[in-house]
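Step one of this worksheet: look at the structure below.
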Amino acid sequence: MTGNQGKLLEAKNAFSPFGFNVEQFLIDGKVPEIIEPQCETLDDVADAKISQGLQLLKEIGKEKDALLVEDSGLFIESLGGFPGVYSAYVLDKIGCEGILKIMDDVNRKASFQASARFWDGTKVHKGNGICPGNIIHSIRGENGFGYDPIFVPLDYLEFSTDGLTFGEVKIDMKENFSHRKKALDDILLSLKNVIM
Ligand code: ITT
């Protein structure tokens, strides 16, 4: 349940190898409207999203269907974690350009974080993921979405983007680092414990 096609694609890529058919949750052809409450943490927003999503499933008589939601954001160290839970609003208002203007010149550390919830028809599974990295000084790349063109991930395991932003690499490279992929992997692991 998301209005973000980038999130949808990452969810498809994570779940389809395990035989799941991931589709965007639409009611009458539209993304259902939900209220994102003003919360301090991504976990609280993700909880609010899944409970509203379950209510909607009930209303259309599909409460046995599976439902996945996720809340994520960019946390910039020198800005005390801003924009964090306000990332979507801030992107809409000032964009990547605005973030570059208010950034500290020296400390460029930031992380993407994600909190996901998956309703399997009977219970809710939780997943979290973090992707540490740095904000560069300009906007680079056309791939991905949101803050991808200003974010270079730290090397992770054997993976490196060699200084390229998430906007400059293909999605399969981004998924080696992605906060969302890590959160979804958490959920797949928890599901495996239920299914097996
Ligand atoms: P929903 O319908 O799922 O809420 P959204 O895009 O509004 O979609 P959020 O409320 O979770 O998502 O806000 C997350 C913000 O952080 C949003 O502006 C994203 O563009 C940005 N963001 C999250 N993950 C990102 C990623 O992998 N790459 C770039 N930007 C990301």
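Counting begins at 1 with the first residue of the sequence. Order of appearance sets the numbers: ligands from 1, and atoms from 1 within every ligand.
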To the nearest 0.5 Å, what is the distance between CD1 (I135) and CG (L100)? 7.5 Å
Using a strict 4.0 Å cut-off to heavy atoms of [X], name the atoms of ligand 1 that fall inside it.
| X | result |
| --- | --- |
| K174 | 26 (C), 27 (O), 28 (N) |
| K49 | 1 (P), 3 (O), 4 (O), 10 (O), 11 (O) |
| L91 | 18 (O), 20 (O) |
| N4 | 6 (O), 8 (O) |
| D71 | 9 (P), 10 (O), 11 (O) |

Where is the nearest protein heavy atom to [atom]: which residue, which atom, and how far?
| atom | result |
| --- | --- |
| atom 20 (O) of ligand 1 | G146 CA, 3.3 Å |
| atom 28 (N) of ligand 1 | D148 OD1, 2.6 Å |
| atom 30 (N) of ligand 1 | Y147 N, 3.1 Å |
| atom 3 (O) of ligand 1 | T2 OG1, 2.6 Å |
| atom 10 (O) of ligand 1 | E36 OE2, 3.1 Å |
| atom 19 (C) of ligand 1 | F145 CE1, 4.1 Å |
| atom 9 (P) of ligand 1 | K7 NZ, 3.5 Å |
| atom 24 (N) of ligand 1 | R180 NH2, 2.7 Å |

Do D43 and N128 have side-chain N/O donor and acceptor atoms under 3.5 Å apart? yes
Pick one of side chain, backbone, both or neither for how F112 approaches ligand 1, counting any non-hydrogen atom pair under 4.0 Å. side chain
Side-chain heavy-atom pair I187, F118 within 4.5 angstrom cut-off: yes
Give yes or no for whether the N/O distance cutoff of 3.5 Å, strictly under, is met between G3 and ligand 1. yes
Connected via hydrophobic side-chain network under 4.5 Å: I60 and I50: yes
So does D186 get a backbone contact from the side chain of S190, meaning a donor-acceptor N/O pair under 3.5 Å? no
Listed by chain and number, what are the side-chain contact (heavy atoms from CB on, under 4.5 Å) partners of E77, not counting sequence neighbours? N107, K109
Mind checking side-chain contact (heavy atoms from CB on, under 4.5 Å) for L56 and listing every partner two or more places apart, or none if nothing turns up? M1, F25, I27, P32, I34, E59
Between F112 and F166, what is the ring plane arrangement, given parallel below 30°, perpendicular above 60°, and tilted in between? parallel
Set out, in order, the CA-CA distance, both residues' side-chain angles and the distance that settles side chain to side chain contact (heavy atoms under 4.5 Å, CB included) for Y156 and N176, then state yes or no. CA-CA 8 Å; Y156 177 64; N176 295 320; 5.7 Å; no
Against E10, only a single residue in K174, K181, H179, Q5 fulfils side-chain hydrogen bond (donor to acceptor under 3.5 Å, both in side chains); can you say which? K174
